[in-house]
Amino acid sequence: MNSEFYFAIAFATIIAGTGCDSSSKPAEPAPQPREQQSLSSSEMASSSIAGYAHTFDKSKFRVGRGPSDLSNSGFLKVVGPYGVFAVDPVNHHAAGVANADSPTGTFTRSASDHEARVLSYFATAGVPSDQVGGVHSTVSAAGGGRGGDPDATRAMSIQYTSIVGRAIKGIPVAESHAWARFDDNDDVVAEDVYWPEIPTDALDEALTIADQLKDTATAAGFRAKLPAEVATAEGRVLIRHSSLAEHGSFVARGCYDVLMRVGGEKAGVRSGYTRHFGPDGTEFRLPQEMRQDIRTPRP
Amino acid sequence: MINRHIGAVLLFALTGLAPRDSGATTAVNVVLESVNNYATTNCTPTNNCATCNYAAGDLCNSNANNAGFLTGLTTSFYPFPASFSQGTLHSWQDGAVYDTDFYDYQLGTPASDDMYFDRPGTHISYFTGHGWSLAGYTPQTCTTSSTCTNTNTNIGSNPPGSLRLPGTCLASPNYPVGTGQCVYTQDRKMIVNGSTVRRGNNVWYGGGFTSSYQVAFGESSQSGTWRGAGTNGGTNLVVLDMSWPSIPAHEWDSLAPLLAGAHMVAVTQPVQGDQINVSDRGFMFGLYAAINPNGAVFQAWRDTLNSLSQYEGAMCGSSWSVGGGHGFWGCGCNLAMTADLYNSWAQYHTTETWQTLVTSTVWDAEGRNYYYWAATCNYSGAFTTYPWAL
């Protein structure tokens with residue numbers, strides 16, 4: 001009974017709210033942060049840009065007949081014979097995940113058709129049209145058979161997943177997304193949406209950096225503030241924010257992102273990771289990048 | 001085999017009768033091994049990784065990524081119960097990750113995976129760190145795999161003469177449509193930086209089927225001893241979150257050698273460029289388990305790519321409109337692979353749920369005669385305009 005009670009309170013709050021300002025979070029259940037917040041700057045400002053909260057009533061995700069409610073693993077879930085639609089009541093992340101044995105249909109038309117369908121779906125659901133930064137698709141395929149048989153490497157069952165990206169005044173918002181995978185029956189077989197409210201301070205920071213980079217002289221001045229190893233590297237102006245992993249204080253920053261190429265042929269290893277710099281060239285890391293290590297002693 | 005059949009019948013019966021996602025909590029036994037510090041000892045997020053030596057290979061998000069996997073998998077907050085709770089946990093980082101943690105002593109010594117990465121009773125083993133860059137790639141251009149027969153040309157860190165047949169012609173957005181580059185079977189390795197070094201900090205695990213690969217994961221009393229690695233392992237799912245664990249169209253010879261009973265292996269597979277070291281890949285993967293314990297593990301790994309930002313990485317080919325990002329600089333895919341004795345069993349693992357992965361005692365792989373793979377890639381035209389083997 002308790003879980004249904006909490007579900008009712010929180011779900012009503014989600015439906016009533018349109019963003020994820022801390023004032024719209026449900027009073028109960030009192031959430032325990034997953035981890036300590038580690039970055040103090042630019043917390044939720046008084047002025048903010050609207051987010052979008054995806055809810056079951058807006059979703060076309062197919063859970064099947066006779067669904068029931070369940071409060072579990074930090075999510076308010078609608079559980080049906082085909083899958084689970086879940087909403088995180090703290091940060092409004094929403095996802096639809098099919099059961100492994102759910103009858104799966106495929107989308108047999110083109111990737112561009114799928115992208116148009118997904119874009120239309122989220123526009124109808126309420127994703128702010130002036131924040132849509134584009135849509136692109138990832139491509140899935142599968143194969144298999146007897147080990148060593150060249151035919152087993154042949155890719156079959158092509159599927160598309162289309163991802164609506166977010167941009168505010170032309171500045172991409174990296175951690176925000178709304179993606180879905182449709183089948184030919186116009187059912188959503190998988191989806192994931194995280195589109196939080198963004199403090200205007202973050203946009204201001206990003207626009208400040210973008211302005212500096214427009215002019216050769218000011219761009220040189222900005223890059224001079226950066227560490228030597230990144231000053232000449234290619235970067236991008238973005239808004240970055242707490243990922244959907246985070247339940248602590250929401251952090252959003254306008255920044256200049258540089259992808260560090262790690263290693264090289266001489267080192268015998270390669271990889272990379274991203275570094276973030278604010279308008280004054282100060283480096284920072286996002287809460288999800290400051291996650292506390294979990295260490296156990298070696299036996 | 002009798003156990004497998006009885007178990008399958010019982011599982012089917014229980015699956016059909018039991019309510020879905022009943023909210024019950026299941027304990028998960030996890031081994032996490034990750035490495036940030038390859039060149040220094042103080043490359044940590046708390047100092048913005050400012051002291052990292054990038055050129056020499058330091059990473060910055062490996063440890064956060066592995067911690068994130070556990071956080072996502074066991075996510076919960078009061079008063080909600082969790083789908084999965086932390087069972088036995090072993091988590092080692094940086095210098096505490098030894099090369100011998102991954103080797104099986106029945107196959108050769110020094111080795112102690114039975115105490116570390118493949119401890120008996122483990123459900124999931126997750127490694128984040130370095131792999132061997134560009135292994136198997138050459139600058140040979142091609143239009144068909146039948147011409148990829150010259151194993152004497154190498155790029156990157158491949159030792160001369162180390163390539164082996166078969167070769168395939170890999171198409172990608174880096175080459176004109178209809179052309180590609182020859183890639184060959186090549187040794188694969190994980191790279192660590194342990195404070196104790198017994199095998200050169202290299203973990204050679206695949207690239208064909210020879211006795212030189214002494215890595216075997218998942219062997220148990222259920223799987224039997226078909227791999228020659230005893231029955232003192234146990235992990236069901238192996239995640240290799242690193243560079244070049246496999247190469248396109250060579251999943252079988254790259255990854256099957258490390259399987260000895262594990263149900264499946266999940267990897268980040270570059271096509272061009274490389275994967276990047278991110279903090280949330282593990283979290284997203286684990287979170288899909290928490291959202292739907294009856295979802296397919298095989299699918300969850302691939303959807304993890306969709307939920308990582310397009311801006312984590314760099315473009316694929318010559319334009320962002322082609323693709324890129326989502327945890328890769330360049331073109332790449334999240335790929336999962338199963339193997340088992342019979343075709344239907346290998347296929348079953350592709351629909352195996354998180355719940356079954358951590359509760360079943362009958363589905364450890366009894367062989368690797370058959371395999372299934374699936375991949376989700378960050379670029380348009382993958383598999384069609386740009387097939388993995390022309």
Side-chain angles (χ1 to χ4, degrees), chain A residues 29 31-32 34 70-75 79 83-84 86 95 97 99-101 111 137-144 146-148 153 155 158 161 163 165 172 174-175 179 190 192 238 243 245 259-260 262-263 265 267-273 283 285 288-291 293-296 298-299, chain B residues 20-21 23 45 48 54 56-57 60-61 63-64 67-68 71 75-83 90-91 96 115 130 133 156-157 243 249 252 256 274 276-277 279-280 283 288 290-292 294-296 306-307 309-311 314 329 351 353 369-374 376-378 382-383 389:
Chain A
Q32 305 286 323
R34 286 198 186 103
L70 177 70
S71 301
N72 167 271
S73 284
F75 284 92
V79 180
V84 174
V97 178
N99 289 345
D101 60 356
S137 294
T138 60
V139 185
S140 300
R146 181 174 278 280
T153 66
I158 302 292
T161 301
I163 302 156
E175 280 76 17
W179 65 254
D192 198 294
L238 298 172
S243 79
L259 176 65
M260 297 298 300
V262 170
E265 294 186 8
V269 295
R270 293 200 310 181
S271 185
Y273 64 89
E283 186 168 6
R285 293 182 68 77
Q288 56 268 25
E289 296 165 331
M290 301 285 281
R291 189 175 288 123
D293 284 1
I294 300 170
R295 292 176 186 265
T296 59
R298 283 183 68 86
Chain B
R20 298 305 179 89
D21 197 354
N48 284 330
Y54 309 105
C60 201
N61 292 316
N63 299 342
T71 304
T75 191
S76 185
F77 51 86
Y78 180 81
F80 302 145
S83 295
H90 296 279
S91 179
M115 292 180 65
H130 274 304
S133 70
S157 55
S243 300
W252 169 251
D274 204 346
I276 70 166
N277 187 242
S279 62
D280 264 354
F283 177 87
Y288 284 129
I291 290 173
N292 189 355
N294 294 305
N306 295 319
S307 289
S309 171
Q310 184 187 16
Y311 297 96
W329 62 265
T351 59
T353 70
N369 296 10
Y370 292 85
Y371 77 109
Y372 281 85
W373 63 270
T376 294
C377 301
N378 68 356
F383 308 108

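Every chain is numbered from 1 and lettered A, B, ... according to where its sequence line falls, protein lines coming before strand lines. None of the values given here were measured: they were computed from a predicted structure.
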Peer 1: Holding to side-chain hydrogen bond (donor to acceptor under 3.5 Å, both in side chains), I want the full list of residues that pass it with B:Ser243, two or more places apart in sequence or in another chain.
Peer 2: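 Checked B:Ser243 against side-chain hydrogen bond (donor to acceptor under 3.5 Å, both in side chains); matches are B:Asp274.
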
Peer 1: Using only heavy-atom distances, determine whether the side chains of A:Ser73 and B:Thr75 contain a donor-acceptor pair under 3.5 Å.
Peer 2: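 Looking only at side-chain atoms, B:Thr75 and A:Ser73 do not form any donor-acceptor pair under 3.5 Å.
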
Peer 1: Find the one option among B:Ser307, B:Gly68, B:Ala374, B:Ala314 whose heavy-atom pairs under 4.5 Å with chain A are most numerous.
Peer 2: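 It is B:Ser307.
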
Peer 1: Among A:Arg298, A:Met260, A:Arg146, single out the residue with the greatest number of heavy-atom pairs under 4.5 Å to chain B.
Peer 2: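 The residue among A:Arg298, A:Met260, A:Arg146 with the greatest pair count is A:Arg298.
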
Peer 1: Which one, B:Tyr311, B:Trp373, B:Tyr371, leads in non-hydrogen pairs under 4.5 Å with chain A?
Peer 2: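 If we count pairs closer than 4.5 Å to chain A, B:Trp373 comes out on top.
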
Peer 1: Tell me, side chain or backbone of A:Ala190 under 4.5 Å from chain B's heavy atoms, or both, or neither?
Peer 2: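 For A:Ala190, the side chain is the part near chain B, not the backbone.
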
Peer 1: What option among A:Ala95, A:Pro299, A:Ala155 has the most heavy-atom pairs under 4.5 Å with chain B?
Peer 2: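 Ranked by contacts with chain B, first place is A:Pro299.
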
Peer 1: Got a second to check how far A:Asp192's CG is from B:Ile291's CD1, nearest 0.5 Å?
Peer 2: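 If I round to the nearest 0.5 Å, the distance is 6.5 Å.
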
Peer 1: Quick check for you: among B:Trp329, B:Tyr288, B:Tyr372, B:Phe383, which has the greatest number of heavy-atom pairs under 4.5 Å with chain A?
Peer 2: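 Greatest number of close heavy-atom pairs with chain A: B:Trp329.
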
Peer 1: Decide whether A:Thr153 and B:Trp252 meet the rule of one side-chain donor and one side-chain acceptor closer than 3.5 Å.
Peer 2: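 Absent: no donor and acceptor within the cut-off.
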
Peer 1: Chain A heavy atoms under 4.5 Å from B:Ala256: which part of the residue, side chain, backbone, both or neither?
Peer 2: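 Neither part.
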
Peer 1: Under 3.5 Å, is there a donor-acceptor pair linking the side chains of B:Asn277 and A:Ser271?
Peer 2: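 On atom types as modelled, these side chains do not qualify, holding no pair under 3.5 Å.
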
Peer 1: Which atoms of B:Ala389 are under 4.5 Å from chain A, going by heavy atoms: the side chain, the backbone, both sets, or neither?
Peer 2: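 Answer is neither: B:Ala389 stays 4.5 Å or more from chain A.
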
Peer 1: Tell me, do B:Asp280 and A:Arg291 make a side-chain contact under 4.5 Å, heavy atoms counted?
Peer 2: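 Yes, at least one pair of side-chain atoms sits under 4.5 Å.
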
Peer 1: If you count heavy-atom pairs within less than 4.5 Å of chain A, which of B:Ser309, B:Ala67, B:Ala296, B:Ser91 leads?
Peer 2: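 The answer is B:Ser91.
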
Peer 1: Quick check on the interface: out of A:Gly165, A:Ala86, A:Ala141, A:Ala174, who has the most heavy-atom pairs with chain B under 4.5 Å?
Peer 2: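 Option with the top pair count is A:Ala141.
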
Peer 1: Using a 4.5 Å cut-off on heavy atoms from C-beta on, say whether the side chain of A:Ser243 contacts that of B:Phe283.
Peer 2: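 The answer is no; the side chains never approach within 4.5 Å.
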
Peer 1: Does A:Glu175 have any salt bridge (Lys or Arg N to Asp or Glu O under 4.0 Å) partners at least two apart in sequence or in another chain, and if so, which?
Peer 2: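 If we apply the salt bridge (Lys or Arg N to Asp or Glu O under 4.0 Å) test to A:Glu175, skipping adjacent residues, the hits are A:Arg240.
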
Peer 1: Does any heavy atom of chain A fall under 4.5 Å from the side chain of B:His90, the backbone, both, or neither of them?
Peer 2: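 Both the backbone and the side chain of B:His90 come within 4.5 Å of chain A.
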
Peer 1: Who wins among B:Ala96, B:Ala249, B:Ser279, B:Ala382 for the most heavy-atom pairs under 4.5 Å with chain A?
Peer 2: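 Among B:Ala96, B:Ala249, B:Ser279, B:Ala382, the one with the most close pairs to chain A is B:Ser279.
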
